Chemist: 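Got a structure for you, written out below as structure tokens; questions coming shortly.
Note that the structure is predicted; figures quoted are calculated from it, not measured. Worth knowing before you read on, the calculation uses all heavy atoms, side chains too, and leaves out hydrogens, waters and symmetry mates. Below, chains carry the letters A, B, ... as their sequence lines are ordered, and counting in each starts from 1.
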Number of protein chains: 2
Amino acid sequence: MSSASSTKQRILEIARELFARQGYTGTSIADIARELGTTTAALYYHFPSKADILRGLLAEPLVAYNRILGSLRSRHPSATELLGAFIDLTADSRELAVMIERDPAVLKLITDQLPDSSESINQQVIEVLAGPEADRAAIIRAHAAFAVVKTATLAVLSPHQESADDVKLDPADRAEILAAALRALRP
Amino acid sequence: MSSASSTKQRILEIARELFARQGYTGTSIADIARELGTTTAALYYHFPSKADILRGLLAEPLVAYNRILGSLRSRHPSATELLGAFIDLTADSRELAVMIERDPAVLKLITDQLPDSSESINQQVIEVLAGPEADRAAIIRAHAAFAVVKTATLAVLSPHQESADDVKLDPADRAEILAAALRALRP
DNA sequence: GTCTATACCCGGATAGAC
DNA sequence: GTCTATCCGGGTATAGAC
């Protein structure tokens, strides 16, 4: 309760859930309106477009993501730190993570309006994981480790689909994922 | 040259490329027709629907996938064999692999008409990888290993997007991916 | 086998009353 | 803030001539 225009919040919650289940493109404004118990026109009082609903959902995790990217340049995080940070980021915004992975339209919307380079966003992370004298094998291992943190985290959490809010990642699970990723990274 | 109604084949090639780039939902019949140099009506002479074009593309890799699943029951393949088989399958049908991962509509079309159980298809693979006395940690490691073979294989091949046909997976790369997956799998 | 023309539907979005 | 009604565009698909 409290904070901000409650229907706006409800719309975002509904959208997050539907987008995660059916994808952004696969969800219509009418779907959201139905779940909300109103008509599509009512939605447009709160949001000027469907894309803006998406932006409303993405804003927060996107700054988190950029914070991680920023830390790559200022300090030099260890692989453990970096992979751990991505596990947490994925866990915190798992509905959005699946959505971004799955919907080309969403990916486009993100890269189009990103402060950062439009170029493949993960590339920088891979380079840091691979290290400075990265030969081809090292890059492959970096991809492998990154794949583990992203996919395994989602796999562990996906069973608890109901009750969208704060499904916590078990610390033991987190440790197991991180360990697997680090093994994949180091020969 | 030779084999079968050439325009039908050209349509399939074009569709495979466009579907991979823009997704199945993101590609219109008009897109395919334009690339083909004809109109949408002409397409419908060769295929009764857009979904049938997709089915035409999926048929072959789908039997390969089912062959692997079948081998799970008859013999007991080692983790190395199993993971290796998935690397090869992913490499051979990478355009389709991305498509399936990315488009919910495609996934639905597959599961709807699958001979096998409609239930999550990868589940069985995970169970085999995790082994018989699978505790939670073992299942996580199985997810990790599976994520590596799927994602890393695609990552290695994606740079060569042009010239869709037979981009071969370098044996050294394959070995590196497999090794990383096995390390993720075993504590 | 390919064309023009068109039917049909669905999704996003707007106008204007209440 | 929400409604009814409607526009518009794009997408799949069909009819029928050539």
Side-chain angles (χ1 to χ4, degrees), chain A residues 1-58 99 102-110 112-113, chain B residues 1-58 99 102-110 112-113:
Chain A
M1 24 318 277
S2 73
S3 80
S5 157
S6 55
T7 45
K8 209 160 183 167
Q9 290 307 317
R10 281 197 59 214
I11 292 173
L12 287 174
E13 283 166 34
I14 292 171
R16 186 175 46 187
E17 188 196 329
L18 291 180
F19 287 172
R21 281 220 310 265
Q22 317 171 344
Y24 172 72
T25 311
T27 303
S28 70
I29 297 280
D31 289 338
I32 301 175
R34 190 179 319 115
E35 194 76 11
L36 184 65
T38 62
T39 58
T40 68
L43 273 184
Y44 282 88
Y45 174 81
H46 301 280
F47 291 92
S49 79
K50 185 185 174 187
D52 280 277
I53 299 179
L54 178 58
R55 273 186 277 269
L57 289 173
L58 290 178
M99 212 177 54
R102 290 210 179 161
D103 204 317
V106 175
L107 195 59
K108 187 171 188 313
L109 193 148
I110 292 178
D112 276 359
Q113 58 151 35
Chain B
M1 9 349 266
S2 73
S3 78
S5 159
S6 54
T7 45
K8 209 160 182 168
Q9 289 307 317
R10 283 196 60 213
I11 293 172
L12 287 174
E13 285 166 33
I14 292 171
R16 185 174 47 186
E17 189 196 329
L18 291 180
F19 287 173
R21 281 221 309 266
Q22 317 171 345
Y24 172 72
T25 311
T27 303
S28 70
I29 297 281
D31 289 338
I32 301 174
R34 189 179 320 115
E35 194 76 13
L36 184 65
T38 62
T39 58
T40 67
L43 273 184
Y44 281 89
Y45 173 82
H46 301 279
F47 289 92
S49 78
K50 184 185 172 187
D52 281 277
I53 300 179
L54 179 58
R55 272 185 278 268
L57 288 174
L58 290 178
M99 212 177 55
R102 291 210 178 158
D103 204 319
V106 175
L107 194 60
K108 187 170 189 313
L109 194 148
I110 292 179
D112 277 359
Q113 58 154 30

Chemist: Output all residues satisfying side-chain hydrogen bond (donor to acceptor under 3.5 Å, both in side chains) with A:T38, sequence neighbours left out; order by chain, then residue number.
Modeler: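 Not a single residue meets the side-chain hydrogen bond (donor to acceptor under 3.5 Å, both in side chains) criterion with A:T38.
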Chemist: Atom NZ of B:K8 to atom P of C:dT2: distance rounded to whole Å?
Modeler: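 Taking atom P of C:dT2 as the reference, NZ of B:K8 is at 13 Å.
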Chemist: Tell me every residue that passes salt bridge (Lys or Arg N to Asp or Glu O under 4.0 Å) with A:R21, counting only those two or more places apart in sequence or in another chain.
Modeler: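 With sequence neighbours excluded, A:R21 shows a salt bridge (Lys or Arg N to Asp or Glu O under 4.0 Å) to A:E17, given in chain and number order.
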Chemist: Within the structure provided, determine whether A:I32 and A:K50 are in side-chain contact (heavy-atom separation under 4.5 Å).
Modeler: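 No, too far: nothing below the 4.5 Å cut-off.
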Chemist: Report, as a single string ordered 5' to 3', how protein heavy atoms within less than 4.0 Å touch nucleotides 4-18 of chain C: B base, S sugar-phosphate only, - not at all.
Modeler: B------SSBBB---
Chemist: What salt bridge (charged side-chain N to carboxylate O under 4.0 Å, His left out) pairs are there with at least one residue in residues 26-35 of chain A, not counting sequence neighbours?
Modeler: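 The answer is A:D31-A:R34.
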Chemist: Not counting sequence neighbours, list each pair that qualifies as a ring pair (Phe, Tyr, Trp, His ring centres under 6.0 Å) and has a residue in residues 8-39 of chain A.
Modeler: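 Ring pair (Phe, Tyr, Trp, His ring centres under 6.0 Å) check on residues 8-39 of chain A returns A:F19-A:Y24.
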Chemist: Would you kindly give the OH-to-P distance between B:Y45 and D:dA15, to the nearest whole Å?
Modeler: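 Interatomic distance, OH of B:Y45 to P of D:dA15: 16 Å.
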Chemist: Measure CZ/B:R34 against P/C:dT2 and give the value in whole Å, please.
Modeler: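 Taking atom P of C:dT2 as the reference, CZ of B:R34 is at 18 Å.
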Chemist: C:dT2 C1' sits how many Å from B:F47 CZ, rounded?
Modeler: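 Computing the B:F47:CZ to C:dT2:C1' distance gives 16 Å.
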Chemist: By side-chain hydrogen bond (donor to acceptor under 3.5 Å, both in side chains), which residues pair with A:K108, not counting sequence neighbours?
Modeler: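 Applying side-chain hydrogen bond (donor to acceptor under 3.5 Å, both in side chains) to A:K108 gives A:D112.
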